[in-house]
Amino acid sequence: MRNLMQKSALVLALFAAGAVPALAAGSEDEFKAAYAAAEAANKEAGKLRNQWTTTANTLTAAKKAADAGDFDKATASAKEAEALAKASIFQATSEKTRWKDLEIR
Amino acid sequence: MKLRSAIFLASAAIALAALTLTGAPLLAADDKIDPVADAKAFQKFFRDKFPKVKFEDFVNGPYSMNEDLYRQWQDKEQFPPYEFSLEMGKEMFSKPFKNGKTYADCFPNGGIGIRQNYPYFDEKEGKVITLELALNRCREANGEPPFSYVKDEMAALTAYMAFTSRGKPMDIKIPNDPRALAAYENGKEYFYTRRGQLNFSCATCHVQSPGERIRAEILAPALGIVNAMPIYRSEWSGMGTTSRRFTTCNSQIRAVPLGPQDDEYRNVEYYLSYVSNGLPISGPGARP
């Protein structure tokens, strides 16, 4: 049951990562706030030694869109990056005990 | 009434004490780090899963899982793709540093036939020392710049050292030191921990799915996987070290790789090597 809940939460987090771009839109200020939040979450994942390459790629895409002046796209990417980073944090946290389920005994 | 209460309280206290006393050792036994039992269970798991594979053949990775691949590999071994790297490693190994010393001065038995003892736990430093790390430390101690940990010169040197140890059984020791046990346990945890956006652990491929195809490749069993290192991989069009294998595995599952000799990788190599004790060194190897 606990495993099912953890899996569901991970699926929700991943769903959120995909769903966010459709909802996001914004100005330069919104982008900056979204980007800072994503970077902070990714930094936290780094402390847990569990960053995802997709988070880094999405952060780069956000920066690129912002540099091109497309803040709607940039904000959407930054929010997606934040959702990915949060999913990686969830994964690292839940795996602290879950890894034992896979162990050969 | 007072007597009754006293008896009740005393009984409850005895019951609680009994629970604590019986419960505590159970918990402790469950959490105890027992590398010997781990290795036994690990090897049994693979023997049971692949009863037709000879024990010593597990070091041949995907070739041990598939007869056609095995035959192709045997043909390929007539002119193995790691041969150039092996020759380069032999030459590099004997060439003196600028100060006149050589790699042989840094290792027991002059560095010949010792691959099976790496990685080892250094009790002075309190950390796992891999062969790759020891080679770069040797270079730096002799005034030479370190090599990249993942390919080229490092792969050549480790290929030569592995070649001089071929057939020797992996012989990793875990000293009676809580830090060594912790390093081993951390390596085990790393091996079984899911990571990356694909939510894979090392065990997902190499325990749950060896012999299965992942795209065009056949997955190798975790048992003996380090015995064949370093390897020539057709996918890389070149040689790669154990560090390269770990970092690229992480990238493939969309996890940001760690530094090639970060503690996690050193510990997981320690764990994987220990549970492969008894299997022969077969490196350098060749893989699709």
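Everything numeric in this text was worked out from a predicted model, so none of it was measured. To find a chain, count down the sequence lines: A is the first, B the second, and so on, and within it residues start at 1.
Residues A:Glu80 and A:Lys73 are not paired through a salt bridge, judged by the lack of any N-O separation under 4.0 Å between the basic side chain and the carboxylate. Checked for salt-bridge contact, B:Arg195 and A:Glu95 miss the test: no charged N lies under 4.0 Å from a carboxylate O. Looking at B:Arg213 and B:Glu217, no side-chain N of the basic residue comes within less than 4.0 Å of a carboxylate O on the acidic one, giving no salt bridge. With salt bridges taken as basic N to acidic carboxylate O contacts below 4.0 Å, none links A:Lys64 and A:Asp67. Note on B:Lys127 versus B:Glu125: no salt bridge recorded, every NZ/NE/NH1/NH2 to OD/OE distance being 4.0 Å or above. The pair A:Arg105-B:Asp38 does not count as a salt bridge, with every side-chain nitrogen at least 4.0 angstrom from each carboxylate oxygen.
Proximity to chain A at a heavy-atom threshold of 4.5 Å picks out B:Glu185, B:Lys188, B:Glu189 from residues 168-190 of chain B, in numerical order. Proximity to chain A at a heavy-atom threshold of 4.5 Å picks out nothing from residues 49-65 of chain B.
A 6.0 Å sphere centred on CZ of B:Arg254 holds no more than 12 heavy atoms belonging to other residues, nucleotides or ligands.
Put simply, of B:Leu258, B:Val275, B:Val256, the one with the most heavy-atom pairs under 4.5 Å next to chain A is B:Val256.
With a 4.5 angstrom heavy-atom cutoff, B:Thr193 touches chain A via backbone and side-chain atoms both.
Note: B:Phe42 and B:Phe46 meet the aromatic proximity criterion, with ring centroids under 6.0 Å apart.
Judged by distance alone, the side chains of B:Ser251 and B:Thr248 never bring a donor and an acceptor atom under 3.5 Å apart. Of the N and O atoms on the side chains of B:Gln197 and A:Thr53, not one donor lies less than 3.5 Å from an acceptor on the other residue.
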